[in-house]
Amino acid sequence: MASCLCGTAPCLLCGCCPSTKNSTITRLTFSFFLLLGTLVACIMIIPGVEAGLKKVPLLCTSSTSISGSLHCDVMVGHQAVYRMCFALAAFFFLFVILMICVKSSWDPRAAVQNGFWFFKFLILVGITVGAFYIPSGTFTIVWYYFGMVGGFLFILIQLILIIDLAHAWSQSWLQHAENGNSKCWYGALVICTVLLYAASITAIVFLYIYYTSSSECVHNKVFISLNLIFCVIISIISILPKVQEAQPHSGLLQASVITLYTVFVTWSAMANVPNKNCNPTLLAIASNTTTASSSSVPAQWWDAPSIVGLAIYIICTLFISLRSSNNQQVNKLMLTEDSSGDTSGPIVESGGENRAYDNEEDSVSYSYSFFHFCLVIASLYIMMTLTNWYLPGDNGSYLTSPWSAVWVKISSSWAGLLLYVWTLVAPVILSDRDFG
């Protein structure tokens, strides 16, 4: 047991599991660390846990329990999540630096990447404990802006993964249609596309009903309308003859998936609009003044956009760990291997015991540093999601929902749409290049 905890990734694969790549086991284990930290952060904002958190030094000070301001019961959950996610981000950033320019498993640093899990866990625990002794004040404010940058980048990473998933989904079903029973597969494609567009249209209607009801909601109307127009444009571009000629497998299925995700990001942005008349989902803990009564503000952090965002975050984290794309553009963006070119096979030991096998003797199958960078920004994204992107006040005694959070989410949706359009038109514009 001790050798498995202190040794390499193959030890972590038990005999009952199928043989798989060493690189996959390593990514799954690091992702498990991230999800474990996320679970701890979620527990910290469950109503009732704050009683224990108030005993932690520096989380609940006099500045967070000023008479007439938000109660310490609310602020300790917010600050605990920030410290937990700071520990996760610091842990993975350590590996970003350590794993720069690792080229193969023969590099001594690859052994650190693929093993010594017990010691890594101890390092993570140590950083977490130390993070809870960071004084409040400027730390929370500064780390909030780091979280905004990380959240913006991870939304783009999510979109890249969703684009790849949509392309793989469409390509797989079209290949099945070409191999036989075409009516069934084409019918399934049409039904899924219609359902996705129907869900998007329904969501947009609800956004107009609930987030633009007041005459004050000009920004909301502009943002929702612009993203609706942009989604129509990308849908039209996806079926243009030139695009279809360059990419026969592109079409409305992918566009419908991107449209639905864009609507979700728009909804998430609207949930941060600070005007209660334009945002019915604004939580009571977010106040633009320091005069809110502490007794009337429940320590409630969860809202619908946060729950959906958490689910997408978990799926994308597992997706990063388990799957390598067979799309060259995605592999270049994500610095991962081409799964279609992997011809290595599993090693099965005598007695039939399944083991992980080293598929990185010649070269690494993914960029170690970039993988850890993705986990760094994932840590920042989940920090912002669990705290609803709310900004602590100057003295840490109250929370606000700033317009900057709205702009970050909306601009990330625009950047994502632009990125998707580029995946469609790049093979047409740069016809002399091979885009796979």
Quiz item: More than 12 non-hydrogen atoms from neighbouring residues, nucleotides or ligands closer than 6.0 Å to CZ on F33, yes or no?
Solution: yes

Self-check item: Pairs meeting criterion salt bridge (charged side-chain N to carboxylate O under 4.0 Å, His left out) with involvement of residues 198-209, two or more places apart
Solution: none

Quiz item: CD1/I377 to CD1/I382 distance, rounded to the nearest 0.5 angstrom?
Solution: 13.0 Å

Quiz item: Any chance CH2 of W407 has more than 12 other-residue heavy atoms, nucleotides or ligands included, within less than 6.0 Å?
Solution: no

Quiz item: Considering residues at least two apart in sequence or located in another chain, which fulfil the side-chain hydrogen bond (donor to acceptor under 3.5 Å, both in side chains) criterion with W143?
Solution: none

Quiz item: Just wondering, are more than 12 heavy atoms of other shown residues or ligands nearer than 6.0 Å to CZ in F146?
Solution: no

Quiz prompt | Under 3.5 Å: donor-acceptor pair, side chain of K409, backbone of S268 | solution = yes

Quiz item: Between F264 and Y261, what is the ring plane arrangement, given parallel below 30°, perpendicular above 60°, and tilted in between?
Solution: tilted

Quiz prompt | Atom CZ of F206 with >12 non-hydrogen neighbours under 6.0 angstrom | solution = no

Practice problem: Name the orientation class of the two ring planes belonging to F370 and F373 (parallel below 30°, tilted from 30 to 60°, perpendicular beyond 60°). | Solution: tilted

Practice problem: Please confirm whether the backbone N or O of A271 pairs with a side-chain atom of N279, one donor and one acceptor, at under 3.5 Å? | Solution: yes

Practice problem: Would you check if there is a donor-acceptor pair between the side chains of N220 and T212 at a distance under 3.5 Å? | Solution: no

Exercise. Classify the ring geometry between F30 and F95 as parallel (under 30°), tilted (30 to 60°) or perpendicular (over 60°).
Key: perpendicular

